[in-house]
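Take a look at the structure below.
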Protein chains: 2
Amino acid sequence: MFIELDLQSETPLYEQLMNQLIEGIASGALKPGDPLPSVRNLAENLGINLHTVNKSYTLLKQDGFLQVHRKKGVVVQPDAMPGVTAEFEAKLVRQLRSLAAEAAVRGMTEEAFVTQCRKLYGDTIMKRGGDGQ
Amino acid sequence: MFIELDLQSETPLYEQLMNQLIEGIASGALKPGDPLPSVRNLAENLGINLHTVNKSYTLLKQDGFLQVHRKKGVVVQPDAMPGVTAEFEAKLVRQLRSLAAEAAVRGMTEEAFVTQCRKLYGDTIMKRGGDGQ
DNA sequence: ATATCTGTTATATAATATATATAACAGATA
DNA sequence: TATCTGTTATATATATTATATAACAGATAT
């Protein structure tokens with residue numbers, strides 16, 4: 001798992017980290033049951049604060065993507081991943097609607113937009129079933 | 001143009017307003033050259049501050065979606081709408097990648113995801129060419 | 001001309017979000 | 001015992017968001 005944070009980005013660090021961890025799970029780089037670095041360790045490696053990493057872990061735990069074993073520490077959800085909840089569906093619709101509208105106004109055709117969507121889905125899960133790098 | 005702001009949402013008011021104006025242009029409810037309410041008027045109608053509306057207008061103007069005529073006030077871009085810039089392309093990829101990854105992890109198939117993308121594109125521009133309500 | 005409306009700018013304030021810093025706690029581990 | 005774990009508490013600094021009040025110059029209508 002290579003994690004790269006953009007300190008210049010307007011996207012909060014804890015959110016960038018959450019996204020990259022989910023992308024790691026999607027790609028197979030992070031498999032169910034895999035241990036994650038401790039909050040202190042990862043924070044030091046990324047050059048950020050312990051609490052920023054802890055916030056990402058805590059939110060991902062609340063969403064069901066991570067679990068905390070008193071023994072093993074933080075691990076990728078070993079059982080069933082969370083499904084398509086109403087909350088996620090709402091977020092998906094809200095964000096896709098904004099992106100689709102702007103794409104349309106900018107002259108992007110439906111096919112170009114849909115093709116881009118399909119490509120990005122395919123890219124993120126390309127490694128699934130492989131050895132996870 | 002019906003604009004509804006969610007005061008509970010974590011999405012900033014000025015961003016909600018920007019999104020809905022772009023969606024209005026995409027749907028055809030707002031046509032090139034159409035006048036927009038004054039910042040004071042719209043602010044009062046929405047029950048928010050003048051500067052919040054002004055921020056939305058200013059950002060949309062910077063992006064090329066709106067123009068300010070010293071005479072006509074603020075109007076929808078009457079000439080060519082902005083195209084698919086490198087900046088928009090980057091935003092599109094960044095946001096779609098995060099959404100696609102989470103959708104995949106939650107068990108949403110590529111077809112279900114792509115279908116949702118196509119549907120939302122179609123919905124927003126459905127009214128194009130019509131009388132724009 | 002007077003009054004009113006326009007976008008725009010300046011200044012100030014309050015609330016919230018983000019990120020860091022330091023410290024401590026209980027449970028697990030070597 | 002010493003060290004590591006996630007977790008919680010407290011404090012601070014900065015940036016973002018939203019509001020409030022005021023003023024300016026250009027345009028419009030009475």
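Quantities reported herein were computed from a predicted structural model and do not represent experimental measurements. In the text below, chain A, chain B and the rest are named by the order of the sequence lines, each starting its count at 1.
- Summarising the geometry, the separation between CG on A/Leu7 and P on D/dT14 is reported as 17 Å, rounded to the nearest angstrom.
- If you take CD1 of A/Ile48 and P of C/dA21, they are 11 Å apart, rounded to a whole angstrom.
- Note on B/Lys55: every side-chain N or O is 4.0 Å or more away from OP1 and OP2 of D/dA18.
- Residue contacts for A/Lys61: at a heavy-atom cut-off of 4.0 Å it reaches the sugar-phosphate backbone alone, with no base atom in range.
- A side-chain donor-acceptor contact under 3.5 Å links B/Ser27 to the backbone of B/Gly24.
- Rounding to whole angstrom units, CG of residue A/Leu50 and P of D/dT8 are separated by 13 Å.
- Remark: the A/Gln116 side chain and the B/Glu89 side chain contain an N/O donor-acceptor pair separated by less than 3.5 Å.
- Checking C/dA1 for Watson-Crick or G-U wobble geometry (two distances, each under 3.5 Å) identifies D/dT30 as its partner.
- For the OP1/OP2 pair of D/dA18 and a distance below 4.0 Å, the side-chain nitrogens and oxygens of B/Asn49 include no atom meeting the criterion.
- Here the side chain of B/Arg106 pairs a donor or acceptor atom with the backbone of A/Gly83 at under 3.5 angstrom.
- Heavy-atom distances to DNA chain D give each of A/His69 and A/His51 a nearest nucleotide, and the one nearer the 5′ end belongs to A/His69.
- The CG atom of B/Leu17 sits 14 Å away from the P atom of D/dT17 (whole-angstrom rounding).
- When atom types are taken as modelled, the side chain of A/Lys31 and the backbone of A/Gly28 share a donor-acceptor pair closer than 3.5 angstrom.
- Close to D/dG6, at under 4.0 Å from its OP1 or OP2, lies no side-chain N or O of A/Thr58.
- Panel note: side chain A/Asn19, backbone A/Gln16; no donor-acceptor pair is recorded below 3.5 Å.
- Here D/dT19 is the nucleotide among C/dA19, D/dA27, D/dT19 with the atom lying nearest to any side-chain atom of B/Thr52.
- Look at C/dC25: its Watson-Crick or wobble partner, with both distances under 3.5 angstrom, is D/dG6.
- Minimum atom distance to the side chain of A/Pro12 is reached by C/dT18, of the listed C/dT18, C/dT9, D/dT7.
- Judged purely by atom type and a 3.5 angstrom limit, B/Asp63 has no side-chain atom pairing as donor or acceptor with the backbone of B/Phe65.
- Counting to the nearest Å, the C1' atom of D/dA18 and the CG atom of B/Leu59 are 14 Å from each other.
- When rounded to the nearest whole Å, the span between CE of B/Met18 and C1' of D/dT17 equals 14 Å.
- Checked by atom type and distance alone, the side chain of A/Thr115 pairs as donor or acceptor with a backbone atom of A/Glu111 at under 3.5 Å.
- Distance B/Leu46 CG to D/dT19 C1': 15 Å, rounded to the nearest Å.
- Rounded to whole Å, the distance from CD on B/Gln67 to P on C/dT8 is 12 Å.
- DNA chain D lies under 4.0 Å from at least one heavy atom of each of the following residues of residues 36-45 of chain A: A/Ser38, A/Val39, A/Arg40.
- The shortest distance between the side-chain N/O atoms of A/Lys71 and the OP1/OP2 oxygens of D/dT5 is not below 4.0 Å.
- In this structure, B/Gln77 contributes its side chain and B/Gly64 its backbone to a donor-acceptor pair below 3.5 Å.
- For C/dT18, one of the phosphate oxygens OP1 or OP2 lies less than 4.0 angstrom from a side-chain nitrogen or oxygen of A/Tyr14.
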